[in-house]
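Chain letters run A, B, ... following the sequence lines, proteins first and then strands; every chain starts at 1. Predicted model, so just to flag it, every value in this text is computed and none were measured.
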Amino acid sequence: MEPIIEFRNFTFKYKSQKEPTLYDINLKIYPGEKVLIAGPSGSGKSTLAHCVNALIPCSFPGKTQGELIVKGMTPKEEGVFGMSKTVGTVLQDTNGQFIGLTVAEDLAFALENDAIPQDEMKKRVMEAAKVTDMTAFMHHSPSDLSGGQKQRVSMGGVLVDDVEILLFDEPLANLDPATGKSTIALIDDIMKQKNVTVLIIEHRLEDVLYKDVDRIIVVGEGRIVSDTTPDELLASDILIREGIREPLYVTALKHTGAKIRPEDHPQHIETMDVSKYVSGVREWFESTRSEHPVLTTPPALEVKDLKFSYTEGEPVLQGVSFTIRKGEMLSLVGRNGAGKSTLSSLICGFIKPDAGEILLNGEDISPLSIKERGERIGLVMQSPGQMISKPMIREEVGLGLAVRGVPEDEINKRVDETLKICGLYPFRNWPVGALSFGQKKRVTIASILVMQPEIMILDEPTAGQDYRHYTEVMEFLKKLNEDMGLTIMMITHDMHLMLEYTDRALVLTDGTLIADAAPSEILTDESIADRAYLKKTSLYDLAVKCGIEPPSEFADHFISYERKLRENESRETEASGAQTGGITTGEADS
Amino acid sequence: MTRLISYEKKDTWIDRLSGFTKLVFFLLWCLTSALTFDTRMLLTMIAISFSIFAMSHTDWRQVSSVFKAVLFFMCVNLFFIFVFAPYQGCEIYGSRTELAHLFGDVYITREQLFYEFNVMIKYFTIVPAVFVFLVTTDPSELAASINKVGVPYTFAYSFAIALRYIPDVQDDFSRIRNAQEARGIEMSAKAKLISRIKNIASIIFPLLFSTMDRIDVVSNAMELRGFGKKKRRTWYSYRKLKRNDYIVLVLTVLFMAAALIITYADGSRFYNPWTNS
């Protein structure tokens with residue numbers, strides 16, 4: 001069979017960069033295949049995909065060498081328009097790519113541009129809406145849709161043309177776990193209905209593997225590191241080496257000392273043959289213990305019966321109460337629109353509650369202004385770009401102090417201290433623009449930390465980051481929490497984050513707190529996970545399959561074990577750092 | 001986020017008219033109102049304007065805050081007309097009937113009051129028409145219909161796309177402002193004007209950068225789906241002109257012609273109630 005996509009000795013270098021981003025790629029993809037392209041940020045996986053739809057080199061200029069043939073065409077010559085008839089691309093930003101003012105218009109966009117007569121257009125739009133199950137929302141505007149629905153519209157928008165290749169650029173990045181799961185199911189459906197070739201670029205491997213994938217291509221530093229079936233890949237140690245997170249059940253099995261074999265089909269936990277591993281898993285479970293540190297510190301933040309609505313009769317929060325203790329690190333989870341942002345806006349004082357009270361260290365903060373609260377409750381926004389407003393790192397970090405009229409000596413002293421804590425001291429005189437994404441994130445955290453808040457709220461601290469950056473940010477926050485006793489609340493829908501780094505999670509659904517418990521408990525309780533648009537962790541499935549009683553404790557043991565591993569690791573690196581005389585300077589990011 | 005006067009689908013005959021018809025009506029209506037100072041004409045137009053407003057089933061809540069702002073602006077306007085040209089009315093109507101003495105040599109005259117009354121009712125002829133136009137016109141359908149009458153589609157579309165992303169930028173703005181305010185950058189009236197202007201930079205820059213990122217995504221997404229590929233494009237929401245559209249267009253033109261003939265019949269665009277007395 002002829003491949004539908006073929007890279008032959010393909011090299012690509014961006015105009016703005018010295019080194020090529022892709023080196024000597026040789027890759028064949030056949031019609032009807034479903035291929036996952038995985039790799040950490042900056043590995044070149046997105047670059048690879050954008051060569052197929054000709055965004056590279058048409059929109060992002062650069063130099064190509066070697067050959068790329070897509071369905072007998074050379075993308076470079078056909079241009080983005082030419083390729084769009086064959087390759088349908090769904091971008092990561094579900095909101096940004098929604099161009100029409102309503103669902104129907106957005107679905108029609110490609111047809112409009114192709115000057116298709118209106119009658120035929122309406123028919124094809126209706127078909128695409130049926131495939132993506134959006135017929136009930138035809139006249140809705142994007143602001144009335146959830147992220148998952150917008151993504152369905154994006155898919156429909158490329159399906160109106162009879163494309164043969166569907167390209168998904170990190171389709172799960174902005175979705176909650178349950179919506180991500182249904183997206184993967186939909187992709188699978190479309191593939192079967194339309195008989196197309198599917199390319200998915202994603203680093204959230206476990207979520208993509210919810211449905212069968214034919215092949216996984218791992219990209220690392222611009223080269224193809226591995227090109228094999230999921231079963232083979234999961235049995236190897238390539239993922240760990242390349243900084244991609246393995247499915248949790250695979251990691252857990254490896255912790256038990258098991259050597260995973262491809263013939264056991266580790267692609268899905270539901271269908272995996274675990275018979276060989278049962279005894280090992282049980283032994284490991286018996287030999288490990290879970291630890292639940294019980295905090296008895298006084299409360300830092302108390303929220304009592306908080307109620308709020310933007311328009312009367314449509315409550316966003318209906319009587320939410322909880323207490324956060326000093327030095328606690330916890331997560332606030334729930335689907336989009338559950339009221340998470342509203343809750344943090346209320347705590348920061350951007351909006352006023354209709355009823356209820358918020359106490360900080362036992363003191364009612366309702367009379368405090370936004371600015372006054374800002375000194376005690378720090379808010380770190382999701383994207384560093386939303387906060388950084390000064391060109392130089394020192395200025396940016398010192399901004400909060402400068403506007404409060406703190407004397408300059410004092411500012412300098414505190415900024416230096418904070419930069420040291422954040423591992424940014426070596427870069428103190430750099431322009432912000434020269435930093436990597438992860439470092440910018442730390443700059444925004446530093447600019448809040450410098451004000452010495454009593455509690456810090458972070459909105460999606462790890463959104464859109466790969467495993468390595470995720471670990472970097474989270475370990476840093478954990479250090480702040482442990483060393484400085486900083487109270488941290490994170491708004492997230494990253495299940496790994498809540499499981500691995502927090503001992504407690506608040507689950508918000510439709511404006512009510514439906515659970516306040518250990519993450520391992522929440523993620524093993526199907527009804528709560530469903531209502532909050534989370535997903536039951538695969539650790540639970542593994543435990544059930546191995547007959548562990550009670551299965552929910554298995555996740556607990558796993559987390560405690562992992563934390564200990566990480567602690568040992570960081571102790572080792574600190575020790576070796578001390579030997580070479582280096583302070584933790586925050587390694588220069590590539 | 002409260003959305004001020006924006007399109008809301010309602011199944012009225014006005015809603016079903018083509019955007020082109022509504023645009024022509026709106027432009028001619030405003031032109032007529034701007035030209036005429038004939039009180040009889042203006043009062044007729046108010047009557048028509050308000051009945052159209054009623055027929056459009058426009059929700060008062062949607063427009064009330066803008067209406068209040070317009071009222072305020074109108075009062076300021078009327079006040080300043082009086083301050084700078086207290087005898088404008090006398091000049092226009094060629095007589096001077098003093099009603100009350102204010103101070104110095106400033107008098108309130110009947111002519112001035114009548115003149116300002118005319119300015120005021122002009123506002124009321126236009127305002128409901130503007131609201132009806134904005135609230136009942138589907139922006140993409142309008143873009144489609146102005147493209148059909150010869151305006152290049154890239155131009156027509158740019159306006160639809162602006163409407164699409166304005167709410168997003170507004171959201172970004174309030175999010176960034178909140179976060180910066182929490183860091184201590186005061187934007188409320190408490191801060192001094194100069195520091196407020198300086199502080200705006202700390203909101204504008206992040207907003208600018210996030211908007212530029214958005215533009216990148218949007219333009220890539222548009223290109224990927226073939227925008228600008230062909231000289232011509234069709235429109236999902238285009239509606240052919242129907243019988244009602246032609247009726248409205250003809251009536252509008254007739255009305256304007258009649259209004260202007262009546263207004264200028266006596267050689268002046270002002271109606272003078274005192275000429276015959």
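For Lys390(A), no part lies near chain B; criterion is any non-hydrogen pair under 4.5 Å. Using a 4.5 Å cut-off between heavy atoms, Pro142(A) touches chain B through its side chain atoms alone. For Leu111(A), the part lying under 4.5 angstrom from a heavy atom of chain B is the backbone only. For Asp172(B), the part lying under 4.5 angstrom from a heavy atom of chain A is the side chain only. No part of Val380(A) comes within reach of chain B, as not one of its non-hydrogen atoms sits under 4.5 angstrom from that chain. If you measure heavy-atom distances from Leu55(A) to chain B, the contacts under 4.5 Å come from the side chain alone. Heavy atoms of Met387(A) lying under 4.5 Å from chain B belong to its backbone as well as its side chain.
Under the 4.5 Å side-chain criterion, counting only non-hydrogen atoms from C-beta, Asn113(A) is not in contact with Thr234(B). You'll find the side chain of Arg183(B) reaches within 4.5 Å of the side chain of Met451(A), heavy atoms only. A heavy-atom distance below 4.5 Å is not found between the side chains of Ser143(A) and Pro167(B). With a 4.5 Å cut-off on side-chain heavy atoms, Arg175(B) and Gln386(A) count as touching.
Using a 4.5 Å cut-off between non-hydrogen atoms, the part of residues 136-146 of chain B that approaches chain A consists of Asp138(B), Pro139(B), Ser140(B). Using a 4.5 Å cut-off between non-hydrogen atoms, the part of residues 155-166 of chain B that approaches chain A consists of Tyr157(B), Ala160(B), Ile161(B), Leu163(B), Arg164(B), Tyr165(B). Heavy-atom proximity under 4.5 angstrom to chain A picks out Tyr236(B), Ser237(B), Tyr238(B) from residues 236-251 of chain B.
Around atom NZ of Lys371(A), more than 12 heavy atoms belonging to other residues, nucleotides or ligands sit under 6.0 Å away. Heavy atoms of other residues, nucleotides or ligands lying less than 6.0 angstrom from NZ of Lys123(A) number 12 at most.
Residue with the most contacts toward chain B among Ala402(A), Ser389(A), Gly374(A): Ser389(A) (heavy-atom pairs, distance under 4.5 Å). Between chain A and the options Ala221(B), Ala201(B), Gly226(B), the largest number of non-hydrogen pairs under 4.5 Å is found for Gly226(B). Taking chain B as the reference chain and counting heavy-atom pairs below 4.5 Å, the highest number among Leu379(A), Val90(A), Leu91(A) is found for Leu91(A). In terms of non-hydrogen atom pairs under 4.5 Å with chain B, the most contact-rich of Ala104(A), Pro117(A), Cys58(A), Gly400(A) is Ala104(A). Interface remark: of the candidates Lys230(B), Arg232(B), Arg214(B), Lys230(B) forms the most heavy-atom pairs closer than 4.5 Å to chain A. With chain B as partner, the option from Leu399(A), Thr102(A), Asn95(A), Val160(A) having the largest number of non-hydrogen pairs under 4.5 angstrom is Asn95(A). Between chain B and the residues Gly385(A), Ser84(A), Gly96(A), the most heavy-atom pairs under 4.5 angstrom are made by Gly96(A). Of the listed residues (Arg373(A), His139(A), Met83(A), Glu396(A)), the one with the most heavy-atom contacts under 4.5 Å to chain B is Glu396(A).
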Evaluation steps, side chain to side chain contact (heavy atoms under 4.5 Å, CB included), between Glu181(B) and Cys348(A): CA-CA 10 Å; Glu181(B) 228 172 309; Cys348(A) 294; over 6 Å; no
Side chain to side chain contact (heavy atoms under 4.5 Å, CB included) evaluation trace for Leu224(B) with Val158(A): CA-CA 9 Å; Leu224(B) 281 168; Val158(A) 298; over 6 Å; no
With side chain to side chain contact (heavy atoms under 4.5 Å, CB included) as the test, would you mind laying out the steps for Met222(B) and Gln97(A) before giving the verdict? CA-CA 8 Å; Met222(B) 288 175 78; Gln97(A) 68 187 312; over 6 Å; no
Criterion side chain to side chain donor-acceptor pair (under 3.5 Å) on Glu223(B) and Ser59(A), from CA distance to verdict: CA-CA 9 Å; Glu223(B) 208 180 347; Ser59(A) 289; 3.1 Å; yes
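Applying the salt bridge (charged side-chain N to carboxylate O under 4.0 Å, His left out) criterion to Glu112(A), with sequence neighbours excluded, gives Arg233(B).
Arg225(B) has a carboxylate O that lies under 4.0 Å from a charged side-chain N of Asp106(A), or vice versa, which qualifies the two as a salt bridge.
Note that the CG atom of Asn220(B) and the CG atom of Asp93(A) stand 11.0 Å from one another [nearest 0.5 Å].
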